Amino acid sequence: MTQIFDNPADFADEALDGFAAANRGYVARVDGGVVRSTEMPAGQVALVVGGGSGHYPAFAGLVGPGLAAGAACGNMFASPAAGQVYRVAKAANAGGGVLLSYGNYAGDVLHFGQAQLRLNAEGIETRTVLVTDDIASAPLDQIEKRRGIAGDLTVFKIAGAAAEAGLDLDAVERLAIRTNYRTRSLGVAFDGCTLPGAEEPLFHVPEGQMSLGLGIHGEPGISEHPMPTASELAELLVSRLLTDKPDDAGNRVVAIVNGLGTVKYEELFLLYGKIEKLLGAAGLAVVEPECGELVTSLDMSGLSLTLLWLDDELERYWAAPADTPAFRKGNLAPRARRHLAAAEDEAARDVEDATAAAAAMGRLATDVLAQVQAVVVDHEEELGRLDAIAGDGDHGIGMRRGVDAAAAAAAEAAAAGASVERVLTAAGEAWSERAGGTSGALWGSAVIAAGLALGNKDSYRGADAAAAVSAFVDAITELGRAEPGDKTMVDALLPFKEAFRSAFDGGTEVRGALAAAAVAAQEAADATASLRPLKGRARPLAEKSLGHPDPGAVSFGLIAARISRYADSGAADNPLTDSRLAASAAGNGAQE
């Protein structure tokens, strides 16, 4: 059990602070995680890894030459927020693009995906390779649905070595994809892990039993077995992995026996010896194996076996030198320390460069977010009750937390004279980080995308509003991957976009197009009552959901209607009422 802490809520951040202080020769602390504290060659690809805290050495312990350039670290067993991933990647970027790599978990996919959209929009070419090595989490014909466990190490190591060798982003991505495909893992647990401050483990394995395939956060296993002998356990793990081997497997493998937290090294070594004999008997040559704690789960009692089938190219990069706090191989020359610009300096430059029109548009964006906040406050309880029918009932409170944070961040940025791009970026980051969950990631991504579409310009026209609408909607559909009919916010979002574009392209001014779009969104939200949910937490309770509209679609419809009424309110200081989008105090405005 984890016992050393002051406030359990601060455990992850304080542990990361101490880790950075103890390893300052390798890493520097940034908001959201750590990056290398030593120089990287200009133009080198930056491998940025990450996930929840509680898995050390993953992820911060794998940052250093020959491996990752940065690690985004969330709370205990929780994805880092999109803003945290973005800031770590921005600090790690050396001009050669960014490769994001992490385990295939829904929260990580959303938040890293949101960060990727933002980085690409800013001109930092960013790709993603998900780790999907756990054979227990999905069958071979659905390999893309598998989660990532200790196979993180093989993907990270080979991608990091390829980046260190100077390969470009295309090549690093290609090697990471190939490594992931040729990596298979299977884990077992003997008992659960305990979060800081908790009195009981997250789960228990029945006494005298072993859970096969149980995930590193306590996700259910595929079966329970009587506690085996070491020889029986080795046979079980090896036989299952060899049955699942890739199509193009050769006869040279990396074998990794990974402890999850409380299994002693002597036990791991004993098991490894038996595993290597079985692999040899199967005609496989083991190349540079690893045995120890590499991807853990706090104090979980358990372990996993990972096999990576090598080819000549992968073997070269697996054997290449690496020097990180927790993983070292070969020898690398010392690196000079580098200077990291403070985040406050970058924010100050954003404000100083804002045009008068962009600053005025930023103030308008703040007013619009205040309207969004008001409608969410008015309907918070209603949205919670609707979500409780087939979900966990947190949609109202989640939207409230997100929009409160977004409105406050926007007001602060606008008061400092920031551009609309910076105002909405700050709002989106705050929404994502405070709300959390799927809704927070989607709304945060959409708000940021709208800000990036508006940019920092000398003037604005109606076409800029149309571009912001499209960017808002596209960010959600691309990140959430929901389709029309899945019973999600997308069922109201796409009709909103289509109605807006149809009206605007037909010559209607912005406020009129917003009015038509709001009507379409609310009608579409009401119509979701007849749909069965095909995405999200409501999917298992499809029957209960029938007859009730989707809460995400409803909240979007309500927000769209409030923004439309604000645009048509006739207020003297509302630029949308007379077909303008923004005007500076000096009258340096832009006509539609």
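Everything numeric in this text was worked out from a predicted model, so none of it was measured.
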Trainee: Could you tell me whether the side chain of E429 reaches within less than 4.5 Å of the side chain of I448, counting heavy atoms only?
Mentor: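 A side-chain contact exists here, since the closest heavy-atom pair is under 4.5 Å.
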Trainee: Look at the side chain of T126 and the backbone N and O of I124, then say whether any donor-acceptor pair between them is shorter than 3.5 Å.
Mentor: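 Flag set: sc T126 to bb I124 pair under 3.5 Å.
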Trainee: Apply side-chain hydrogen bond (donor to acceptor under 3.5 Å, both in side chains) to T183 and list each qualifying residue two or more places apart in sequence or on a separate chain.
Mentor: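 Result, side-chain hydrogen bond (donor to acceptor under 3.5 Å, both in side chains) vs T183: T154.
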Trainee: Are L99 and L169 packed together at the side-chain level, in the sense that at least one heavy-atom pair is separated by less than 4.5 angstrom?
Mentor: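 When only atoms from C-beta onward are counted, L169 and L99 do touch, with a gap below 4.5 Å.
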Trainee: So, do T324 and F156 sit near enough that their side-chain heavy atoms are less than 4.5 Å apart?
Mentor: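 With C-beta onward as the side chain, the pair stays apart.
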Trainee: Taking all heavy atoms of V131 and all of N180, pick out the closest pair and write down the distance.
Mentor: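 Looks like CA-OD1, 3.3 Å.
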Trainee: If we ignore hydrogens and angles and just use 3.5 Å, is the side chain of S37 paired with the main-chain N or O of R24 as donor and acceptor?
Mentor: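 Judged by distance alone, yes, a pair lies under 3.5 Å.
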Trainee: Can you tell me how far CD1 of I476 sits from CE of M489, rounded to the nearest 0.5 angstrom?
Mentor: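 Here the rounded value is 3.5 Å.
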Trainee: Excluding sequence neighbours, so at least two apart, what forms side chain to side chain contact (heavy atoms under 4.5 Å, CB included) with D170?
Mentor: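 Residues passing side chain to side chain contact (heavy atoms under 4.5 Å, CB included) with D170: R127, D168.
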Trainee: What are the two closest heavy atoms between Q114 and S432, and how far apart are they?
Mentor: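 Smallest heavy-atom distance, with atoms named: OE1-OG, 3.4 Å.
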Trainee: Check whether any side-chain heavy atom of V238 lies under 4.5 Å from a side-chain heavy atom of L242, and answer yes or no.
Mentor: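 Result yes, sub-4.5 Å side-chain heavy-atom pair found.
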Trainee: Among K329, K157, R36, find the one that has a salt bridge (charged side-chain N to carboxylate O under 4.0 Å, His left out) with E164.
Mentor: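 So the option named by the test is R36.
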Trainee: For R146 versus D244, what's the shortest heavy-atom pair and its separation?
Mentor: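 For R146 versus D244, the nearest heavy atoms are NH2-OD2, 2.9 Å.
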Trainee: Are any of the side-chain heavy atoms of D323 and Y26 separated by less than 4.5 Å?
Mentor: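 D323 reaches Y26 side chain to side chain.
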Trainee: Determine the minimum heavy-atom distance between V63 and V35, stating which atoms define it.
Mentor: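 Heavy atoms only, the tightest pair is CG1-C, 3.9 Å.
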Trainee: Quick one, L186 and L305 - any side-chain contact, counting heavy atoms below 4.5 Å?
Mentor: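 No - every pair of side-chain heavy atoms lies 4.5 Å or more apart.
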Trainee: Of all residues at least two apart in sequence or in a different chain, which pass the ring pair (Phe, Tyr, Trp, His ring centres under 6.0 Å) check with F19?
Mentor: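 Testing F19 for ring pair (Phe, Tyr, Trp, His ring centres under 6.0 Å), a comparison that skips the adjacent residues, returns Y56.
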Trainee: If you compare all heavy atoms of L175 against all heavy atoms of A162, which two are closest, and at what distance to 0.1 Å?
Mentor: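 Distance-wise, the nearest heavy atoms are CD1-CB, 3.6 Å.
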Trainee: Measure from the side-chain N and O atoms of S297 to the backbone N and O of I216, and report whether any donor-acceptor pair falls under 3.5 Å.
Mentor: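 Yes; at least one donor-acceptor contact below 3.5 Å.
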Trainee: Closest heavy-atom contact between W318 and L310?
Mentor: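 So the two residues come closest at CB-CD2, 4.4 Å.
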Trainee: As an exercise, state the distance from CG of L236 to OG of S231, rounded to the nearest 0.5 Å.
Mentor: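 One finds 12.5 Å between CG of L236 and OG of S231.
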Trainee: Hey, what do you get for OG1 (T438) to NE2 (H111), rounding to the nearest 0.5 Å?
Mentor: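 Spacing of OG1 (T438) from NE2 (H111) equals 7.5 Å.
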Trainee: Can you sort out the partners of Y105 under ring pair (Phe, Tyr, Trp, His ring centres under 6.0 Å), two or more places apart, ordered by chain and number?
Mentor: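 With sequence neighbours excluded, Y105 shows a ring pair (Phe, Tyr, Trp, His ring centres under 6.0 Å) to H217, given in chain and number order.
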Trainee: Determine, stepwise, if the pair F5 / E14 fulfils side chain to side chain contact (heavy atoms under 4.5 Å, CB included).
Mentor: CA-CA 9 Å; F5 51 79; E14 292 189 345; 5.9 Å; no
Trainee: List for me each residue that meets ring pair (Phe, Tyr, Trp, His ring centres under 6.0 Å) alongside F112, sequence neighbours excluded, and say none if there are none.
Mentor: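 For F112 the ring pair (Phe, Tyr, Trp, His ring centres under 6.0 Å) partners, ignoring immediate neighbours, are Y102.
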Trainee: Inspect the surroundings of CG in D312 and state if more than 12 heavy atoms from other residues, nucleotides or ligands are less than 6.0 Å away.
Mentor: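 Not buried by this count: 12 neighbours or fewer within 6.0 Å.
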Trainee: Heavy atoms, side chains only, cut-off 4.5 Å: are V205 and M210 in contact?
Mentor: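 Sidechains of M210 and V205: no contact.
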Trainee: Taking side-chain hydrogen bond (donor to acceptor under 3.5 Å, both in side chains) as the test, write out the residues that go with T306, two or more places apart.
Mentor: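 With sequence neighbours excluded, T306 shows a side-chain hydrogen bond (donor to acceptor under 3.5 Å, both in side chains) to S185, given in chain and number order.
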Trainee: Go through the steps for E235 and L278 under the test side chain to side chain contact (heavy atoms under 4.5 Å, CB included), then give the verdict.
Mentor: CA-CA 7 Å; E235 172 64 34; L278 290 172; 3.6 Å; yes
Trainee: Check whether more than 12 heavy atoms from other residues, nucleotides or ligands sit under 6.0 Å from atom CG of D248, and answer yes or no.
Mentor: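 More than 12 within 6.0 Å, yes.
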Trainee: Please enumerate all residues that pass side chain to side chain contact (heavy atoms under 4.5 Å, CB included) together with D311, with sequence neighbours excluded.
Mentor: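 Here the qualifying residues are R178, R182, E313, L314.
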Trainee: Please determine whether side chain to side chain contact (heavy atoms under 4.5 Å, CB included) holds for the pair V253 and V286, giving the CA-CA distance in whole Å, both sets of side-chain angles, and the decisive distance to 0.1 Å.
Mentor: CA-CA 5 Å; V253 296; V286 178; 4.3 Å; yes
Trainee: For Q116, enumerate each residue passing the side-chain hydrogen bond (donor to acceptor under 3.5 Å, both in side chains) test, keeping only those at least two apart in sequence or located in another chain.
Mentor: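 With neighbours one apart ignored, the set is T128.
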Trainee: Salt-bridged, R29 to D13, with N to O below 4.0 Å?
Mentor: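 Result for this pair is yes, salt bridge flagged.
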Trainee: Quick check for you: to the nearest 0.5 Å, what is the distance between F203 atom CZ and T194 atom OG1?
Mentor: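 Rounded to the nearest 0.5 Å, the CZ-OG1 separation comes to 9.5 Å.
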Trainee: Which residues pass the side chain to side chain contact (heavy atoms under 4.5 Å, CB included) test with K277, not counting sequence neighbours?
Mentor: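 Here no residue qualifies.
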Trainee: Applying side-chain hydrogen bond (donor to acceptor under 3.5 Å, both in side chains), name anything that partners S223, two or more places apart in sequence or on another chain.
Mentor: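 Here the qualifying residues are H225.
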Trainee: Within the side chain of D134, is there an N or O that forms a donor-acceptor pair under 3.5 Å with the backbone of R147?
Mentor: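 No, D134 side chain to R147 backbone: no donor-acceptor pair under 3.5 Å.
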Trainee: Are S101 and L47 close enough that some pair of their side-chain heavy atoms sits under 4.5 Å apart?
Mentor: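 Yes - at least one pair of side-chain heavy atoms lies under 4.5 Å apart.
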Trainee: Within the distance-only criterion (no hydrogens, no angle test), does the side chain of T243 pair as donor or acceptor with the backbone N or O of S239 below 3.5 angstrom?
Mentor: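 Present.
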Trainee: Measure from the side-chain N and O atoms of N104 to the backbone N and O of E144, and report whether any donor-acceptor pair falls under 3.5 Å.
Mentor: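 Yes, because the side chain of N104 sits within donor-acceptor range (under 3.5 Å) of the backbone of E144.
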Trainee: Output the distance between atom OG (S301) and atom CD (E267), rounded to the nearest 0.5 Å.
Mentor: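 These two atoms lie 8.0 Å from each other.
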Trainee: Under the side chain to side chain contact (heavy atoms under 4.5 Å, CB included) rule, collect the residues that match up with K245, sequence neighbours excluded.
Mentor: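 Result, side chain to side chain contact (heavy atoms under 4.5 Å, CB included) vs K245: A249, W309.
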Trainee: Could you go through the side chain to side chain contact (heavy atoms under 4.5 Å, CB included) check for L195 and F11 one step at a time?
Mentor: CA-CA 10 Å; L195 290 171; F11 183 91; over 6 Å; no
Trainee: Taking T296 for the side chain and E293 for the main chain, is one N or O donor matched with an acceptor at less than 3.5 Å?
Mentor: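 Flag not set: sc T296 to bb E293 has no pair under 3.5 Å.
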Trainee: With a 3.5 Å cut-off and sequence neighbours excluded, list the donor-acceptor pairs that the side chains of residues 70-82 form with protein atoms.
Mentor:
from: S79; atom 1: OG; to: G107; atom 2: O; distance (Å): 3.4
from: S79; atom 1: OG; to: D108; atom 2: OD1; distance (Å): 3.3

Trainee: Considering only NZ, NE, NH1 and NH2 on the basic side and carboxylate oxygens on the acidic side, decide whether R184 and D133 come within less than 4.0 Å.
Mentor: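 Judged by the 4.0 Å cut-off on N to carboxylate O distance, R184 and D133 do not form a salt bridge.
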Trainee: Using 0.5 Å steps for rounding, measure from the CD atom of E125 to the CG atom of L119.
Mentor: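 Reported value, rounded in 0.5 Å steps: 11.5 Å.
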